[in-house]
There are 2 protein chains.
Amino acid sequence: MGEQRAERADAARNRRAILGAAEELLRSHAPDEVSIERIAAAAGVGKGTVFHRFGSRVGLMRALMEERVRALGEAVAGGPPPLGPGAPPRDRLVAFLDAVVGVAARNGRLITAHDHALATRRHAEGRLTDNPVYLSWHAHVTSLIAEARPDLDADLVAHVLVGSMHNEGVARLLLAGESERVAAGMRAMAESLLR
Amino acid sequence: MGEQRAERADAARNRRAILGAAEELLRSHAPDEVSIERIAAAAGVGKGTVFHRFGSRVGLMRALMEERVRALGEAVAGGPPPLGPGAPPRDRLVAFLDAVVGVAARNGRLITAHDHALATRRHAEGRLTDNPVYLSWHAHVTSLIAEARPDLDADLVAHVLVGSMHNEGVARLLLAGESERVAAGMRAMAESLLR
DNA sequence: ACAGAACTTGACCGACGGTCCAGTTAGGAG
DNA sequence: CTCCTAACTGGACCGTCGGTCAAGTTCTGT
């Protein structure tokens, strides 16, 4: 498992340019209007470069997502309660769902775009539930539920809760700026559920 | 609003053949392996005929879905309690979710295929939340929740519950034959939620 | 300064949903 | 039974898009 040789400077510059262009385009267009060629053009690189860097459309979206989500992951693993360790599971779950809704709201169509990429992939490439972000969110929620309500099917309930970030009805509210309403609703559900 | 002239006999025969072929192919293949051309070939008709009958890939999937869901809709509107009117909302919701999980389990990849068609559509054609089936399920669940728990955001919670039938984590359990587990989990959630 | 690994590029490919229209056929009117 | 026409059929064709690749270019360690 030797350390890989570092990325060349020009390559790193292009990676940033591509990520930035994709983010910008996704801010103002639906995912199916944002082809890879368009992203490449906006980034000032060739289409081949995008695939060289990210492997596929799904890979690009995944990279975009991981970038936007890193801070939350760190806060959960080692930050202060109630997000980090130390608080009771019910409070941690409420705080976590709040944070997740916040991320989803701030990043508009990103999750939608990732799901869209998954649905339109040409070559098999794993499922939503193989996505590292989904996986870690689901694992976290599962363990909190299992701790607070051992009688529930934690795995399933976690899918329902985390999966709602990939739910069109919910996504529409988020895009419409009603993130506070979504956060409140999720909070109410979490509180009803963990009793 | 005049009554349309009835469908010609050969057209009706082909409609059945297409629906049957699609269902059969979906039983044993992932949605992205089932192109319209393949369905047409299996049905023994030309590709053009499929589009003439159903308008688009989404239209075909929608027709398939509505066919498989009609009985449930009738039971909800006019059947005996607890599915039909008369029972308390909590019981009706539990019964309804049970029935919905049953439909989803019995029809394997159908819902997935419908969502896939929506995601890969070439021309705008409405969203999941415009689908008559989704719409009616969501409306029903919303009204039951609103009646039993006026303090909850019924619309949002209904999206989360109904949307889980379109959730990959849940769909995988269903495909794996664990529908009893899904039903039990949904039941537990519904009971925790409506108190 | 140089070698060679890393990177870039855009023409090209295959797949697929959807369109179109020339040709065929059902089935009611007379 | 014949005829007329609206309904239906089918498959060649189109545009788009994700992904590939071989040939050329540019870093960068020595």
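Each chain gets a letter, A, B and so on, in the order its sequence line appears, and its residues count up from 1. Just so you know, these numbers use all the heavy atoms, side chains as well, and skip hydrogens, waters and symmetry mates.
- Under a hydrophobic clustering in which Ile, Leu, Val, Met, Phe, Trp and Tyr are joined whenever their side-chain heavy atoms come within less than 4.5 Å, directly or via other members, B/Val94 and B/Met189 fall into different clusters.
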| remark: With B for base contact, S for sugar-phosphate-only contact and - for none (protein heavy atoms under 4.0 Å), nucleotides 10-15 of chain D reads BB---B
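- For A/Arg27, the CZ atom counts as densely surrounded, since its 6.0 Å shell holds more than 12 non-hydrogen atoms of other residues, nucleotides or ligands.
- Between B/Asp32 and B/His116, the side chains place no donor N or O within less than 3.5 Å of an acceptor N or O (distance only, hydrogens not considered).
- Using modelled atom types and a 3.5 Å distance limit, the side chains of A/His114 and A/Tyr134 yield no donor-acceptor pair.
- When distances are taken from the side chain of B/Phe51 to each of D/dC8, C/dG18, C/dC16, the shortest belongs to C/dG18.
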| said: For A/Arg109 and A/Val34: C-alpha separation, side-chain torsions, deciding distance, then whether side-chain contact (heavy atoms from CB on, under 4.5 Å) applies. | reply: CA-CA 11 Å; A/Arg109 297 185 163 94; A/Val34 182; over 6 Å; no
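- The backbone N or O of A/Leu156 lies less than 3.5 Å from a partner atom in the side chain of A/Asp153, making a donor-acceptor pair.
- With B/Ser164 contributing its side chain and B/Asn167 its backbone, the two residues share no donor-acceptor pair below 3.5 Å.
- Tested against B/Ser56, the residues B/Arg62, B/His123, B/Glu125 include a single side chain to side chain donor-acceptor pair (under 3.5 Å) partner, B/Glu125.
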| query | For DNA chain C, what string of dots and brackets results from 5' to 3' when Watson-Crick and G-U pairs need both distances under 3.5 Å, crossing pairs get [ ], and pairs with another strand get |? | reply | ||||||||||||||||||||||||||||||
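- Listed by residue number, the members of residues 21-32 of chain A with any heavy atom below 4.0 angstrom from DNA chain C form an empty set.
- Although no hydrogens or angles enter the test, the distance criterion places a donor-acceptor pair under 3.5 Å between the side chain of A/His138 and the main chain of A/Asp155.
- A donor-acceptor pair under 3.5 Å links the side-chain atoms of B/Arg92 to the main chain of B/Gly84, judged by distance alone.
- A donor-acceptor contact closer than 3.5 angstrom links the side chains of A/Arg172 and B/Thr129.
- Atom CZ of B/Arg38 is separated from atom C1' of C/dG17 by 16 Å (rounded to the nearest Å).
- For the pair A/Arg121 CZ and C/dG14 P, the computed distance is 22 Å after rounding to whole Å.
- At least one donor-acceptor pair closer than 3.5 Å links the side chain of B/Arg90 to the backbone N or O of B/Leu194.
- At a non-hydrogen distance threshold of 4.0 Å, B/Ser56, B/Arg57 from residues 53-61 of chain B come into contact with DNA chain C.
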| request: Let me have a per-nucleotide readout for nucleotides 23-30 of chain D, 5' to 3', with B, S or -, counting only protein heavy atoms under 4.0 Å. | output: ---BSS--
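- In terms of modelled atom types and a separation under 3.5 Å, the side chain of B/Asp130 and the main chain of B/Arg127 share a donor-acceptor contact.
- The main-chain N or O of A/Ala87 is never found under 3.5 Å from a side-chain atom of A/Asp91 such that the two would form a donor-acceptor pair.
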Please set out all donor-acceptor pairs under 3.5 angstrom arising from side-chain atoms of residues 36-55 of chain A, sequence neighbours excluded.
| residue | atom | partner | partner atom | Å |
| --- | --- | --- | --- | --- |
| A/Arg38 | NH1 | A/Glu33 | O | 2.6 |
| A/Arg38 | NH2 | A/His29 | NE2 | 3.2 |

